[in-house]
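Order of the sequence lines sets the chain letters (A, B, ...), proteins ahead of strands, with each chain counted from 1. Everything numeric here is computed off the predicted structure, so don't read it as measured data.
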Amino acid sequence: MADNTNNNNINNNNNKDEDDEFKEIKEEWIQIQNSLKQQLILTDNVTWSLNELRYIGGVDISFVKDNNEDACACLIVLEYPSMNIVYKDIGFIKLTLPYIPGFLAFREVTFLMEMINRLKSDPVNSQYLPQVILVDGNGILHPRSFGLACHLGVLADIPTIGVGKTPFQQDGLNIKDIRDQFKKNCQNAGDFIHLVGTSGTIWAAALKSHKDSTNPIYVSQGHKLSLETTLNIVKLLTLYRVPEPIRQADLQSRDYIRLNFKPTTPPNTTTTTANK
DNA sequence: GCGACAG
DNA sequence: ATCTTGTCGC
């Protein structure tokens, strides 16, 4: 009865933390996404044409600082081309899962689906069900070609677009090369470069969305849209660096937290005296 | 051993 | 994601 209970490997205590504390759950999640991936469509698969684009959704989740479970989820529907907000679903949520790089969908997608399903079943507002949803996170620009935008699109069966502010570096993609090419080739708003991996895969586009933007946004296919159509839609909806549906969802959810979040235990645990 | 790692 | 002031320009 010695104390060498886990000696399957000879030297396994020189790594960072534990050896992948999420290894089990990751394997499970990969299987789930592999299954969903069979339903993913990366060509134009919509009944409308661009000049019939009217209702566009944007989703985002904002977080409370120093707090791992309280957050605010928001679904915005904009009318194009007026850009008026015609529908808003916003409220606090309780996060249950951590952020694990490459697995953002599992942390956020259930809350996004709740909002979409609420709209789908709303007798008054279901007319505003968006024709396409812009997602704060990548689409196929992802280690397993299935980012949050893809995951949400398949579950909701709605066309989606992934919009990221930082890219995954995979398949030979490299942030320095991307920035160099971007700086060289993208001078005006609307200019973009394709992100082509070593394998020849076109993962996304780095888009100069606004004339004053130094950094690109990374636009990748989510579901049911070609990259070309995806980019055309993003360009139509961009007034600032971040496309308006996502920008509005972000602004609204941040405001909501600032105005409505009440800490349960204020940082006043020291003084219980001196009230007169 | 080292770098990368959406939000 | 969040922490933060100013600053440059239209």
Worksheet item: A:Tyr99 side chain N/O closer than 4.0 Å to the phosphate oxygens (OP1, OP2) of B:dA6?
Response: yes
Worksheet item: Within this structure, what is the CD-to-C1' distance between A:Glu108 and C:dA1, rounded to whole angstrom?
Response: 9 Å
Practice prompt. Provide, to the nearest angstrom, the distance between the CH2 atom belonging to A:Trp29 and the P atom belonging to B:dA6.
Written response: 15 Å
Item to complete: Could you tell me how the ring of A:His151 sits relative to the ring of A:Phe106: parallel (under 30°), tilted (30 to 60°) or perpendicular (over 60°)?
Response: perpendicular
Fill in: Check: A:Ser220/A:Asn138 side-chain N/O donor and acceptor closer than 3.5 Å
no
Worksheet item: Roughly how many Å is it from CZ in A:Arg107 to P in C:dA1, rounded to a whole number?
Response: 12 Å
Discussion item. Determine whether A:Leu129 and A:Tyr87 satisfy the following criterion, side chain to side chain contact (heavy atoms under 4.5 Å, CB included), listing intermediate values before the conclusion.
Written reply: CA-CA 9 Å; A:Leu129 191 69; A:Tyr87 179 83; over 6 Å; no
Practice prompt. With side chain to side chain contact (heavy atoms under 4.5 Å, CB included) as the test, would you mind laying out the steps for A:Leu97 and A:Ile25 before giving the verdict?
Written response: CA-CA 11 Å; A:Leu97 297 168; A:Ile25 193 70; over 6 Å; no
Discussion item. More than 12 heavy atoms of other residues, nucleotides or ligands under 6.0 Å from CD of A:Glu24: yes or no?
Written reply: no
Discussion item. Check this for me: A:Asn185, atom CG, are more than 12 non-hydrogen atoms of other residues, nucleotides or ligands nearer than 6.0 Å?
Written reply: yes
Fill in: Nucleic acid contacts of residues 141-180 of chain A, taken as heavy-atom distances under 4.0 Å to DNA chain B
A:His142, A:Gly147, A:Leu148, A:Gly164, A:Lys165, A:Thr166, A:Pro167, A:Phe168, A:Gln169
Discussion item. Using a strict threshold of under 4.0 Å (side-chain N to carboxylate O), is an ion pair present between A:Asp212 and A:Arg241?
Written reply: no
Worksheet item: Hey, is CD on A:Glu228 packed in by over 12 heavy atoms from elsewhere, all under 6.0 Å?
Response: no
Worksheet entry | Result of checking A:Glu79, A:Gln127, A:Arg54 against A:Val86 for side chain to side chain contact (heavy atoms under 4.5 Å, CB included) | A:Glu79
Practice prompt. Produce a footprint string for nucleotides 2-10 of chain C: one letter per nucleotide, 5' end first; B if the base is under 4.0 Å from any protein heavy atom, S if only the sugar-phosphate is, - if neither.
Written response: SS-------
Worksheet item: What would the secondary structure line of DNA chain C be in dot-bracket form, counting Watson-Crick and G-U wobble pairs under 3.5 Å, with [ ] for pairs that cross earlier ones and | for pairs with another strand?
Response: ..........
Item to complete: In whole angstrom, give the distance that lies between atom CD of A:Gln33 and atom C1' of B:dA6.
Response: 12 Å
Practice prompt. Please step through side chain to side chain contact (heavy atoms under 4.5 Å, CB included) for the pair A:Thr110 and A:Met113, ending with a clear verdict.
Written response: CA-CA 5 Å; A:Thr110 54; A:Met113 281 302 299; 5.6 Å; no
Worksheet entry | Strand DNA chain B in bracket notation, Watson-Crick/G-U under 3.5 Å with | for pairs to another chain | .......
Worksheet item: Taking CG from A:Asn215 and C1' from B:dA6, how many angstroms apart are they, rounded to a whole number?
Response: 15 Å
Worksheet entry | Other residues, nucleotides, ligands: >12 heavy atoms within 6.0 Å of A:Lys183 NZ | no
Practice prompt. Could you state the atom-to-atom distance from CZ of A:Phe111 to C1' of C:dA1 in whole Å?
Written response: 15 Å
Worksheet item: Does anything in residues 222-245 of chain A reach DNA chain B, meaning a heavy atom under 4.0 Å, and if so which residues?
Response: none
Practice prompt. Output yes when A:Asp255 and A:Arg258 qualify as a salt bridge under the 4.0 Å nitrogen-oxygen rule, no when they do not.
Written response: yes
Worksheet item: Does a salt bridge link A:Lys94 with A:Asp70, judged by any charged N lying under 4.0 Å from a carboxylate O?
Response: yes
Item to complete: Could you check how far CG of A:Asp136 sits from C1' of B:dA6, rounded to whole Å?
Response: 9 Å
Worksheet item: Please, which pairs that meet ring-ring contact (aromatic ring centres under 6.0 Å, His included) have at least one residue in residues 31-67 of chain A, sequence neighbours excluded?
Response: A:Tyr55-A:Tyr128
Worksheet entry | Sugar-phosphate only, base, or nothing, as touched by A:Tyr218 at under 4.0 Å among non-hydrogen atoms | nothing
Worksheet item: Are A:Arg118 and A:Asp122 ion-paired here, with the side-chain N under 4.0 Å from a carboxylate O?
Response: no
Worksheet item: Is A:His223 close to A:Leu152 at the side-chain level, that is, under 4.5 Å between some pair of heavy atoms?
Response: no
